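Structure first, commentary second.
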Amino acid sequence: MQLWSMFVICRMKMASAQNLDADTELTLKQFREFLSSYNKLSEMCFTSCVHDMTTRKILDSENSCVMSCMDKYLKTVQRISQRFQEHQLQQTDASMLAKQNAATHLS
């Protein structure tokens, strides 16, 4: 009987997990993407900047390199995001203009 109870509880938990609302799923997806990006950035900067594993101390040169690496990455991502938003705005404007022209020609 105890095995059956555990099975029922597991099924109930699975069902409730499947019923997450769209906002929660979107939030989880965004958080996973953030963690993935963060892990990639950390690994990339660590691999590029940390070469001396014989001491526990972080060398000034390593610290400076990591900070520059992260700063450059973040500025690049910010610039790409801005350009993407500009492109999306241009596409939206062009689409609206095309619809207006089509409506004008139909009149």
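This one's a predicted model, so the numbers in the text were calculated from it and none came from an experiment.
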message: With rounding to the nearest 0.5 angstrom, report the OG to CD distance, Ser81 to Gln78.
response: 8.0 Å

- prompt: In Å, rounded to the nearest 0.5 Å, how long is the span from CD of Gln90 to CD of Gln88?
  reply: 10.0 Å

message: Applying disulfide bond (SG atoms under 2.5 Å apart) to Cys49 and Cys69, what does each step give before you reach the verdict?
response: CA-CA 8 Å; Cys49 298; Cys69 178; 5.1 Å; no

task: Step through the shown structure and confirm whether more than 12 heavy atoms of other residues, nucleotides or ligands are within 6.0 Å of CD1 on Ile58.
output: no

- request: Please list, chain by chain and in numerical order, all residues satisfying side chain to side chain donor-acceptor pair (under 3.5 Å) with Arg83, sequence neighbours excluded.
  value: Glu86

task: Please assess Met67 against Asp71 for the test side-chain contact (heavy atoms from CB on, under 4.5 Å), listing each intermediate value before the final yes or no.
output: CA-CA 6 Å; Met67 295 302 284; Asp71 187 52; over 6 Å; no

field: Nearest-0.5 Å distance that lies between atom CD1 in Ile80 and atom NZ in Lys75
entry: 14.5 Å

query: Heavy atoms, side chains only, cut-off 4.5 Å: are Asn63 and Leu59 in contact?
result: no

Nearest-0.5 Å distance that lies between atom NZ in Lys29 and atom OG1 in Thr27: 12.0 Å

task: Kindly compute the distance separating OG (Ser95) from CD (Gln100), expressed to the nearest 0.5 Å.
output: 10.0 Å

query: Can you tell me how far the CD atom of Glu62 sits from the OG atom of Ser48, to the nearest 0.5 Å?
result: 12.0 Å

field: Non-neighbouring partners of Asp93 that pass side chain to side chain donor-acceptor pair (under 3.5 Å), sequence neighbours left out
entry: none

Let me have the donor-acceptor pairs involving side chains of residues 30-46, under 3.5 Å, with sequence neighbours excluded, atom names and distances please.
unit_1, atom_1, unit_2, atom_2, d
Ser37, OG, Glu33, O, 3.2
Asn39, ND2, Leu35, O, 3.2
Ser42, OG, Tyr38, O, 2.9

